[in-house]
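Computed from a predicted structure; not experimentally measured.
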Amino acid sequence: MTTPEASPSRNHPPLSGLHPVHQHLPRRPSWLCRVCAATWPCGLARMLLRVEYGADRVALSVYLASQLFDATADLLKLNPEPAPDPRELFDRFLAWTAQPRL
């Protein structure tokens, strides 16, 4: 199991070290943002993750893939019928990491 604060070696503190207003981390097992209650990763979490990982999109994708794995297990336990849509979960957790930054 991974923790939202875990990330590959970074030269700056993890998101958990930020002011609580900036800690857009998931609330498990619902996988809603702890700050804004949007589905996690919310828009601000995505922005903060991009800042944290910088140009290392591979590491960001690996981290989010592990979060997707945990989220799928949690969400299946919460709502086995209907099961979470795999395409929606992929889009929510991973698809956005491949998009160019504006």
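- To the nearest 0.5 Å, atoms CD (Gln67) and CG (Leu25) are separated by 9.5 Å.
- Between the side chain of Trp40 and the backbone N or O of Ala45 there is no donor-acceptor pair closer than 3.5 Å.
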Apply side-chain contact (heavy atoms from CB on, under 4.5 Å) to residues Gln23 and Leu48 and explain how you reach the verdict. CA-CA 9 Å; Gln23 291 188 26; Leu48 291 167; over 6 Å; no
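- Distance alone, capped at 3.5 Å, is enough to place a donor-acceptor pair between the Arg34 side chain and the Pro26 backbone.
- Within the 4.5 Å cutoff, the side chain of Pro84 has heavy atoms near those of the Leu76 side chain.
- For the pair Thr97 and Ser61, the tightest heavy-atom approach, listed with the atom from each and the gap, is OG1-OG, 3.2 Å.
- Between the side chain of Asp85 and the backbone N or O of Arg87 there is at least one donor-acceptor pair closer than 3.5 Å.
- Atom-to-atom distance recorded for Arg27:CZ and Asp74:CG is 13.5 Å, nearest 0.5 angstrom.
- Here the straight-line distance linking atom CG of Asp56 with atom CZ of Arg50 works out to 13.5 Å at 0.5 Å rounding.
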Give the intermediate values and the outcome of side-chain contact (heavy atoms from CB on, under 4.5 Å) for residues His24 and Cys36. CA-CA 7 Å; His24 286 260; Cys36 66; 3.9 Å; yes
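- Between Leu89 and Leu75, some side-chain heavy-atom pair lies under the 4.5 Å cut-off.
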Check against side-chain contact (heavy atoms from CB on, under 4.5 Å), Trp96 and Leu60: CA-CA 11 Å; Trp96 64 272; Leu60 175 59; 4.2 Å; yes
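- The distance from the CG atom of Leu49 to the CG atom of Leu44 is 11.0 Å, given to the nearest 0.5 Å.
- Considering only heavy atoms from C-beta on, Leu68 stays 4.5 Å or farther from Leu64 through its side chain.
- Below 30°, between 30° and 60°, or above 60°: for Phe93 and Trp31 the angle between ring planes is above 60°, a perpendicular geometry.
- Judged by distance alone, the side chain of Arg46 and the main-chain N or O of Pro41 form a donor-acceptor pair under 3.5 Å.
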